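What follows is a set of notes on a single structure, which appears directly below.
Residue numbers count from 1 along this sequence. Small disclaimer: the values here were computed from a predicted structure and weren't measured.
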Amino acid sequence: MAGLVGQTGFFPGDRRLRELDLLGDGLPLLDRLIPWERFRPILESVPKAKPN
């Protein structure tokens, strides 16, 4: 297990990033599918944090 010290997963980070890059960025798809404006009233009702 000494070879896994500092590693966040089973595969090295560069391999995981390469595989994710091949899959493509899913965020634009989510942006098209999710009606974000529907959440605006909920988010605006949340009290804002007071600055320190």
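The side chain to side chain donor-acceptor pair (under 3.5 Å) analysis of residues 40-49, with sequence neighbours excluded, yields the pairs Glu37-Arg40.
Residues Ile34 and Leu43 share a single hydrophobic cluster, defined by chaining ILVMFWY side chains whose heavy atoms lie under 4.5 Å apart. Put simply, Phe39 and Leu33 are part of two different groups of oily side chains (I, L, V, M, F, W, Y) that touch within less than 4.5 Å, one to the next.
With sequence neighbours excluded, the residues satisfying side-chain hydrogen bond (donor to acceptor under 3.5 Å, both in side chains) with Asp31 are Trp36.
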